[in-house]
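Have a look at the structure below, then the notes.
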Amino acid sequence: MIHLRCSCGKALRLSEAYLGQTAACPVCKKLVGTLAGEVRQDVLDFQSVLTVEQGPDRVGEQWFLGGGTPIQIGKLASKHLVLHSPHVSRTHCRLVRVGDDWELEDLGSRNGSFVNEIRVERQMLADGDLVRVGEYHLRYRIAPGQQAMAARTVAAPANVVTDIEMDDEDDGLYALAATEAEQPAVALEPEAPEAMAAAPEAGRSASTTEVPAGDGPTCPCCKKTLSFGAKICVECGINVATGRAILISQDTNLDAIYTHTEGILRWLSWIIWIGLYPIASEAFGTRKPYVTWAIAALTVLVSVWFGFKEFTGSPDMQQHKNLMLWAGKAEPTPEHIEAYYTFTAYGDSSAFFEKLDELEASQDRDSTASTDDLIREAHESLPPERQCFGRYEPAQLITHAFLHGGVLHLAGNMLFLLVIGSRVNALVGNIVTAVLYPLLAIAAALCQMASVSGEPPMPMLGASGAVMGLAGMYLILFPLPKVHMVFWYRLGLIFAFRLALKLFAVRGFWVVLFYIAFDVVATVWQAEDGVAHWAHLGGFIAGAAVALFLLLSRLVNSRGGDLISALLGRHAWALIGRPNRPSRTLP
């Protein structure tokens with residue numbers, strides 16, 4: 001048996017068979033456990049302790065350090081101390097014993113290991129040091145009186161059968177686990193100890209196959225009997241009581257993303273003085289989003305080419321204008337006609353104004369023809385390919401999504417496509433994404449055409465409708481995983497042009513609803529701001545409908561992280577299937 005002393009001062013004892021697990025102190029109710037790479041009688045002095053002071057879970061747990069081999073820390077279940085966070089690498093760091101002390105060694109983690117907020121590769125730990133691993137803050141202490149207690153090892157009485165009870169033969173020490181009579185002690189391997197595969201959230205039970213039948217609750221999903229007090233089924237990834245999924249997230253190097261974001265904004269903020277945009281999503285998928293990356297690259301290339309032609313006023317725009325979506329069936333007004341010939345290169349401006357001058361010069365003093373009539377006549381005298389208005393063609397339903405009206409328009413759409421769209425791509429697959437993206441663009445275009453059918457012809461371009469379609473899918477498939485946002489502003493001379501920025505994370509559904517709310521308000525108020533709000537709404541509704549179809553037809557499996565499961569818990573299984581069913585259905 002291993003003898004410990006809780007932070008409340010109570011003397012405790014724990015069986016060596018329960019390394020890597022925790023039990024509650026009977027006095028203060030704090031969780032106490034032991035970590036060791038290898039159990040050796042000459043190094044059973046568990047005199048150092050790590051206390052979880054801050055983190056997404058496990059706060060308050062005390063982990064006593066012992067053994068003679070390194071203690072592994074990371075996200076993998078095979079590690080001695082398992083920390084579940086997107087900021088923790090699978091093999092993050094380890095604690096190496098040096099005499100009676102411990103040294104922290106980083107193992108090439110993405111986000112680094114910190115001692116007292118200083119990033120380190122190797123660092124000897126001193127009493128009171130704060131160790132940061134991802135979002136977890138661990139306080140290292142030399143437990144008072146612990147070294148003296150380490151020498152006291154006694155055999156557990158054979159008649160001890162409860163998890164926590166008084167030990168009359170050991171001066172009031174408490175047994176924190178079943179004894180060796182129930183669970184024989186074994187020599188654990190330092191790199192992959194079988195008894196250390198603790199449940200991610202509960203952190204206190206071994207593999208369910210090692211637990212006697214009837215000892216704990218039954219998982220409502222897989223029907224397996226779990227250990228006593230278990231709240232999470234590891235295999236299914238659900239909360240046993242509610243049936244709701246424990247969210248998994250994409251392994252993202254957020255430190256690097258935050259650093260790059262700050263660097264970009266230091267010069268971008270001189271151009272855009274205020275902004276609010278997403279920069280990363282934690283939504284999890286099993287595939288690489290190759291199609292999303294390809295769409296983004298193609299869109300940038302085509303948009304730059306098209307923008308250069310339009311900016312230089314190239315005569316080629318008389319043909320290229322038909323790549324945009326031309327919506328509106330009403331007759332254009334004379335003001336509309338003259339403006340397009342004056343400010344765009346869509347038509348043959350020289351021929352139009354020459355014809356207009358010719359018509360005005362040929363008019364008799366007593367002619368009743370108005371200037372508006374002459375503008376219409378000059379416009380209609382040109383062949384269709386030289387007129388300033390394009391004509392609708394079915395291919396425009398797709399081609400318009402690869403064109404943009406400026407650098408900011410392009411950058412905003414591509415940012416949303418890469419942050420939001422890539423996560424949808426990672427879940428549904430590349431082939432499905434390659435089919436869905438043009439369909440969402442078509443749905444957005446048709447909705448915009450219907451909304452402006454009674455207006456004069458006008459061009460529409462941009463990937464906004466298709467991207468909002470992916471946002472609609474994201475809302476259904478990933479409402480709860482966090483999206484990392486950046487808000488910045490650079491005020492004027494009074495504030496010395498100081499840049500202020502804030503990086504923060506919110507649930508995905510808040511991000512999607514925030515941006516779609518602008519389109520709803522603009523549509524209700526009938527705002528004329530040059531934005532195709534109906535295209536955004538049409539794409540969003542189409543995307544949400546597609547995602548619901550994929551869930552209800554069980555073609556995709558969000559592992560319980562979808563909107564239906566978030567709302568209905570285990571009652572959603574009848575509609576979309578269980579979280580642990582095979583997820584690879586779509587290519």
Side-chain angles (χ1 to χ4, degrees), residues 299 302-360 369-406 409-410 438 441-466 526-536 538-539:
T299 302
V302 175
S303 296
V304 170
W305 164 80
F306 185 83
F308 175 78
K309 291 287 187 180
E310 186 168 22
F311 179 77
T312 58
S314 171
D316 294 339
M317 286 303 299
Q318 295 179 31
Q319 287 76 41
H320 298 334
K321 67 177 181 287
N322 286 315
L323 295 175
M324 299 183 290
L325 176 65
W326 287 89
K329 299 179 180 179
E331 287 292 329
T333 64
E335 293 81 5
H336 198 190
I337 296 172
E338 189 171 14
Y340 267 66
Y341 280 112
T342 302
F343 299 109
T344 73
Y346 301 159
D348 191 339
S349 301
S350 299
F352 168 77
F353 285 110
E354 287 178 5
K355 184 63 175 178
L356 181 60
D357 292 341
E358 178 184 336
L359 291 174
E360 290 177 343
S370 65
T371 302
D372 290 351
D373 294 333
L374 296 180
I375 291 175
R376 289 192 178 94
E377 185 177 350
H379 169 67
E380 294 171 357
S381 67
L382 300 179
E385 64 273 10
R386 296 170 62 190
Q387 292 180 358
C388 63
F389 300 110
R391 297 180 181 273
Y392 168 74
E393 297 174 2
Q396 296 171 1
L397 296 173
I398 296 177
T399 59
H400 80 279
F402 293 91
L403 309 174
H404 288 80
H409 185 204
L410 173 64
I442 291 172
L446 291 175
C447 190
Q448 179 66 17
M449 290 180 65
S451 69
V452 298
S453 60
E455 300 181 13
M458 63 183 66
M460 187 189 85
L461 75 171
S464 303
Q526 299 181 349
E528 297 182 1
D529 52 5
V531 178
H533 295 290
W534 276 107
H536 296 181

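Note: hydrogens, waters and symmetry copies are ignored here, and every other heavy atom, side chains too, is used. Starting from 1, each residue takes its place in the sequence as its number.
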Practice task
For Y392 and K329, run side-chain contact (heavy atoms from CB on, under 4.5 Å): C-alpha distance rounded to whole Å, both residues' side-chain angles, the deciding distance at 0.1 Å, then the answer.
Solution key: CA-CA 10 Å; Y392 168 74; K329 299 179 180 179; over 6 Å; no

Practice task
Dump the intermediate steps for side-chain contact (heavy atoms from CB on, under 4.5 Å) on L397 and L325, then the final yes or no.
Solution key: CA-CA 6 Å; L397 296 173; L325 176 65; 4.1 Å; yes

Handout entry: Candidate pair M317 and T344, rule side-chain contact (heavy atoms from CB on, under 4.5 Å), full reasoning
Key = CA-CA 9 Å; M317 286 303 299; T344 73; over 6 Å; no

Practice task
Check step by step if side-chain contact (heavy atoms from CB on, under 4.5 Å) holds for E393 and T399.
Solution key: CA-CA 10 Å; E393 297 174 2; T399 59; over 6 Å; no

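Side-chain contact between H379 and F389: present, with at least one pair of heavy atoms (C-beta onward) separated by less than 4.5 Å. In this structure, the side chains of R376 and P334 come closer than 4.5 Å at one or more pairs of heavy atoms. The side-chain heavy atoms of L374 and E360, taken from C-beta on, include a pair separated by under 4.5 Å. Residues L446 and I442 meet the side-chain proximity criterion, which asks for heavy atoms closer than 4.5 Å. Residues R386 and Q318 have side chains in contact (heavy-atom distance under 4.5 Å, counting atoms from C-beta outward). You'll find the side chain of W326 reaches within 4.5 Å of the side chain of K321, heavy atoms only. Side-chain atoms of L323 and Q396, non-hydrogen and from C-beta on, never get closer than 4.5 Å to each other. Side chains of F353 and D348 form no contact here, defined as non-hydrogen atoms less than 4.5 Å apart.
Rounded to the nearest 0.5 angstrom, L382 CG and C388 SG are separated by 9.0 Å. Between atom NE2 of residue H533 and atom CD of residue Q526 there is a gap of 11.5 Å, rounded to the nearest 0.5 Å. Between the CD1 atom of I337 and the CD atom of E331 there is a distance of 8.0 Å, given to the nearest 0.5 Å. Atom CG of D372 and atom CD of E377 lie 13.0 Å apart (nearest 0.5 Å). In this structure, T333 OG1 and I375 CD1 are separated by 9.0 Å, a value rounded to the nearest 0.5 Å. Here the NZ-CG distance, from K309 to L403, works out to 13.5 Å after rounding to the nearest 0.5 Å.
Nearest heavy atoms, A444 versus A466: CB-N, 4.4 Å. Nearest approach of A345 to S314, heavy atoms of both residues: CB-O, 4.0 Å. Considering every non-hydrogen atom in both P457 and H336, the closest pair reads O-CE1, 3.1 Å. Shortest non-hydrogen contact noted between A445 and M460 is CA-CE, 4.1 Å. A401 and T299 get closest at one heavy-atom pair: O-CG2, 4.1 Å.
Under 3.5 Å, the side chains of E310 and Y346 contain a donor-acceptor pair of N or O atoms.
The closest donor-acceptor contact from the side chain of S303 to the backbone of F402 lies under 3.5 Å. Remark: the backbone N or O of S349 is not paired with any side-chain donor or acceptor of E354 at under 3.5 angstrom. One N or O on the side chain of N322 and one on the backbone of R391 form a donor-acceptor pair closer than 3.5 Å. H409 places a side-chain N or O within 3.5 Å of a backbone atom of G405 that can act as its donor or acceptor partner.
Using the six-membered ring where Trp is involved, F352 and Y341 have ring planes that are parallel, under 30° apart on the 30 and 60° scheme.
Taking the six-membered ring for Trp and the full ring otherwise, the centers of H320 and W305 sit less than 6.0 Å from each other. Annotation: H404 is not in aromatic contact with F306 [ring centroid separation under 6.0 Å not met].
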